[in-house]
Engineer: 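Let me give you the structure first, and then I'll get to my questions.
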Amino acid sequence: MTRLSPQIRRNARRASQGLFLALFLALLIKTDYNGADELAYPVRIFLDADLLVFITSLLSARKLPAMLFLALLFVPVTILFGRAFCGWICPFGTLHHATSFAGKPASPERGVKTAGSRWKFLALLFFIGAAFFGLQIAGVLDPIPFLIRSLSLSVLPAINSALRAFLDWGYSLPSRSVSEVFDGIYSFLQAHFLSFRQSWYQQAFIFFLMFVGVLWLNRQRTRFFCRFVCPLGALLGLLSRVGFLRLSMNDNCTRCMKCRDVCSGGANPHAQDNWSSSECLTCLNCSAVCPENAFSWNFSFARNTKDRINTGRRSVLAALSFGASTAWVLKKPAASALNIPSLVRPPGSVAENEFLARCVRCGECMKVCITGGLQPTLFEAGIEGIWTPILVPKIGHCEFNCTLCGQVCPTSAIRKLTPEEKRKTVIGLAFIDPSRCIPFAQGTPCIVCEEHCPTPQKAIVFRERAGKGGTPVREPVVLLDLCIGCGICESKCPIPDLAGIRITSAGESRDPRGMLLTAAPSADTVLFPK
């Protein structure tokens with residue numbers, strides 16, 4: 001790596017960071033309904049390249065995650081070039097890098113490896129211990145799911161809302177020429193940025209605070225998340241310890257400490273005998289600013305035995321044991337031991353225990369949901385199911401012909417279904433609450449739920465009884481062998497708060513334990529059709 005000047009190599013790294021960040025944002029924006037039930041872009045490619053997601057999914061689900069083999073590419077890349085993924089590719093790392101250096105003067109501890117660097121390795125061991133016993137929670141801190149979740153569920157909806165408000169303001173102006181200008185603006189935004197519909201997500205402010213919080217920490221210590229928290233960085237750091245790319249220093253060094261002041265990973269570049277390959281992000285800043293050209297990057301097969309992680313055997317065992325015990329305590333969660341009525345998972349979801357062993361909480365399925373009905377859980381699925389997707393029909397139903405959520409799931413927690421399979425997949429059942437349903441409670445005609453039912457043979461029919469003043473009233477009845485639990489009946493129910501017809505997880509086809517055991521009205525029951 002001596003043919004190109006250090007400044008050119010550093011500029012190449014900056015260009016790579018900008019390119020991959022732009023690609024990440026473009027694919028995230030395109031994780032949206034585009035008029036067809038098929039995404040035209042590889043929107044989940046960054047998740048597919050996530051080595052931590054690959055390993056924890058393999059351990060927790062006990063199956064090779066076929067969709068994630070791209071991640072294996074970064075094993076030889078890391079062995080050759082160290083943590084190049086962190087310094088050259090990771091979009092979250094790029095944001096941390098920008099907020100760490102923008103307008104902030106150098107501090108004496110910027111390039112110094114500290115004892116806190118071991119915490120990310122302990123976090124990695126905790127997630128591996130939990131995954132080994134079937135609990136996939138690495139996505140809580142994994143940088144790729146973290147960034148996707150933060151932007152998809154908090155930042156992008158707010159930006160979309162602001163743009164729509166701006167367009168509404170422009171169209172409200174009386175000038176016709178101004179309206180024509182806004183027509184062009186709207187056409188451009190609709191084609192390239194605006195989401196199919198304005199979505200809002202539960203806990204959006206929590207995700208926003210977490211996102212802003214970890215970026216703010218970079219102002220306290222350079223690339224705080226990457227150096228002290230990131231479990232993916234820890235995994236790549238372990239691989240880079242046996243890597244071949246080495247930083248060497250010659251006798252020209254004058255101890256000016258400029259290399260220390262620009263180091264982004266706390267890798268001790270100023271102390272060559274103590275340079276840490278596991279902390280080095282291969283940002284090349286040190287060699288670019290050295291006025292004496294004292295640094296050089298070379299490939300060497302000699303192992304860096306002086307790079308110590310200093311976690312300690314007891315800390316390693318404690319982290320693994322804590323992760324394992326956490327998974328074991330939650331191994332029989334209430335969500336799977338009991339059929340929680342409100343826990344309606346997306347179509348194609350695997351059984352609950354396996355679902356929790358696969359889902360990485362990335363939020364891609366929620367981002368792509370046409371109606372915005374998929375929302376992040378808080379404690380609806382227990383602590384172990386935090387931020388996994390749940391259908392909230394009152395916010396939005398499951399579109400009858402949509403299979404997008406299965407297309408974006410990187411771990412097959414939500415299987416990719418064909419449209420034909422999707423239309424037959426039962427995610428829950430509708431039940432009528434006579435105390436809330438207008439025909440039952442008020443004796444007043446209402447046919448909204450039946451009108452919107454999308455199944456080819458209506459899953460909601462009517463039977464007649466005498467209403468107020470003896471006038472016949474049609475009362476809706478759900479045919480449980482036809483209902484798929486899409487939730488459009490609950491979504492469209494004219495009662496604004498607690499709907500008169502509601503979806504529960506009963507009857508879901510992903511788990512035989514959820515099937516009804518008692519006789520219920522079916523399509524063969526003689527009822528009055530509309």
Side-chain angles (χ1 to χ4, degrees), residues 197-204 335 338-347 349 366 369-381 389-402 405 423 425-455 457-465 467-468 473-509 514 516 518 520-522 525 527-530:
R197 67 182 299 276
Q198 178 62 54
S199 297
W200 295 107
Y201 298 94
Q202 300 171 7
Q203 307 163 58
L338 302 174
N339 293 310
I340 297 178
S342 62
L343 194 61
V344 179
R345 295 297 194 185
S349 298
M366 307 173 213
C369 182
I370 295 178
T371 66
L374 287 182
Q375 296 284 321
T377 60
L378 188 57
F379 299 123
E380 296 93 329
I390 182 176
L391 182 69
V392 182
K394 203 61 180 175
I395 295 177
H397 63 278
C398 180
E399 179 60 41
F400 188 59
N401 295 304
C402 175
C405 56
R423 298 183 192 110
T425 300
V426 179
I427 61 175
L429 292 174
F431 290 90
I432 295 171
D433 183 351
S435 67
R436 305 284 298 177
C437 180
I438 293 175
F440 281 93
Q442 307 297 330
T444 303
C446 178
I447 61 172
V448 171
C449 56
E450 189 272 347
E451 281 185 320
H452 286 90
C453 182
T455 56
Q457 183 179 350
K458 295 287 188 179
I460 299 176
V461 294
F462 295 98
R463 62 186 176 193
E464 290 186 354
R465 73 173 180 85
K468 292 182 179 180
V473 175
R474 293 172 177 267
E475 294 178 337
V477 176
V478 178
L479 304 182
L480 300 185
D481 60 339
L482 296 179
C483 179
I484 60 172
C486 69
I488 193 172
C489 52
E490 181 176 349
S491 176
K492 302 298 182 181
C493 180
I495 299 179
D497 49 6
L498 189 61
I501 183 170
R502 297 191 289 277
I503 307 301
T504 78
S505 60
E508 57 182 0
S509 56
L516 296 183
T518 57
S522 68
T525 305
L527 295 166
F528 290 94
K530 179 182 175 183

Engineer: Is it true that a side-chain atom of Lys394 and a backbone atom of Gly487 form a donor plus acceptor pair closer than 3.5 Å?
Structural biologist: no
Engineer: Would you find a donor on one side and an acceptor on the other, under 3.5 Å apart, between the side chain of Glu380 and the backbone of Leu378?
Structural biologist: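 Yes: the side chain of Glu380 pairs with the backbone of Leu378.
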Engineer: Quick check: closest heavy atoms across Thr371 and Gly396, and the distance to 0.1 Å?
Structural biologist: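 Minimum heavy-atom contact is OG1-C, 3.4 Å.
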Engineer: Using side chain to side chain donor-acceptor pair (under 3.5 Å) as the criterion, list what pairs up with Thr377, not counting sequence neighbours.
Structural biologist: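 Once residues adjacent in sequence are excluded, the partners of Thr377 under the side chain to side chain donor-acceptor pair (under 3.5 Å) criterion are Thr388.
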Engineer: Is any side-chain heavy atom of Pro347 closer than 4.5 Å to one of Cys405?
Structural biologist: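 They are in contact (side-chain heavy atoms under 4.5 Å apart), so the answer is yes.
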Engineer: Would you compute the distance between atom OG1 of Thr504 and atom CG of Leu343 and round it to the nearest 0.5 angstrom?
Structural biologist: 11.0 Å
Engineer: Using the side chain to side chain contact (heavy atoms under 4.5 Å, CB included) rule, pick out the option among Leu479, Val477, Ile501 that qualifies with Ile460.
Structural biologist: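 Checked Leu479, Val477, Ile501 against Ile460; only one passes side chain to side chain contact (heavy atoms under 4.5 Å, CB included): Ile501.
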Engineer: If you take all heavy atoms of Phe400 and Thr455, which pair is closest and at what distance?
Structural biologist: CZ-CA, 4.2 Å
Engineer: Heavy atoms, side chains only, cut-off 4.5 Å: are Val478 and Ile432 in contact?
Structural biologist: yes
Engineer: Please find the pair of heavy atoms, one from Leu429 and one from Gly507, that lie closest to each other, and give the distance.
Structural biologist: CD1-CA, 4.0 Å
Engineer: So, Gln202 side chain and Gln375 main chain: donor-acceptor pair closer than 3.5 Å or not?
Structural biologist: no
Engineer: Rounded to the nearest 0.5 Å, how far does CD1 of Ile488 lie from SG of Cys493?
Structural biologist: 12.5 Å
Engineer: Output yes when a side-chain donor or acceptor of Ser509 lies under 3.5 Å from a complementary backbone atom of Thr425, and no otherwise.
Structural biologist: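 No, because the side chain of Ser509 does not come within donor-acceptor range (under 3.5 Å) of the backbone of Thr425.
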Engineer: How close do Ile447 and Phe462 get, counting heavy atoms only, and between which atoms?
Structural biologist: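 Closest approach of Ile447 to Phe462, heavy atoms only: CG2-CZ, 3.6 Å.
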Engineer: Evaluate the side-chain proximity of Asn401 to Arg423: yes if any heavy-atom separation is below 4.5 Å, no if none is.
Structural biologist: yes
Engineer: Looking at CG of Leu498 and OG of Ser435, how far apart are the two atoms once the value is rounded to the nearest 0.5 Å?
Structural biologist: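 Interatomic distance, Leu498 CG to Ser435 OG, rounded to 0.5 Å: 7.5 Å.
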Engineer: Grab the two heavy atoms, one from Pro476 and one from Phe440, that are nearest each other, plus how far apart they are.
Structural biologist: O-CE1, 3.6 Å
Engineer: Which distance, rounded to the nearest 0.5 Å, do you find between the CZ of Arg345 and the SG of Cys398?
Structural biologist: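 The distance works out to 14.0 Å.
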Engineer: Just to verify, what does Glu399 make a side chain to side chain donor-acceptor pair (under 3.5 Å) with, not counting sequence neighbours?
Structural biologist: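 With sequence neighbours excluded, Glu399 shows a side chain to side chain donor-acceptor pair (under 3.5 Å) to His397, given in chain and number order.
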Engineer: Between Ala430 and Cys489, which heavy-atom pair has the shortest distance, and what is it?
Structural biologist: CB-SG, 4.0 Å
Engineer: For residues 484-501, which residue pairs qualify under salt bridge (Lys or Arg N to Asp or Glu O under 4.0 Å), counting only residues two or more places apart or in two chains?
Structural biologist: Arg436-Asp497
Engineer: Does any part of the side chain of Trp200, heavy atoms only, come nearer than 4.5 Å to the side chain of Ile395, both counted from C-beta?
Structural biologist: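 No, side chains not in contact.
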Engineer: Within a strict 4.5 Å, meaning less than it, do heavy atoms of the Ile503 and Leu391 side chains meet?
Structural biologist: no
Engineer: Look only at the side chain of Arg474 and the backbone of Pro445, and say whether a donor-acceptor pair between them is shorter than 3.5 Å.
Structural biologist: no
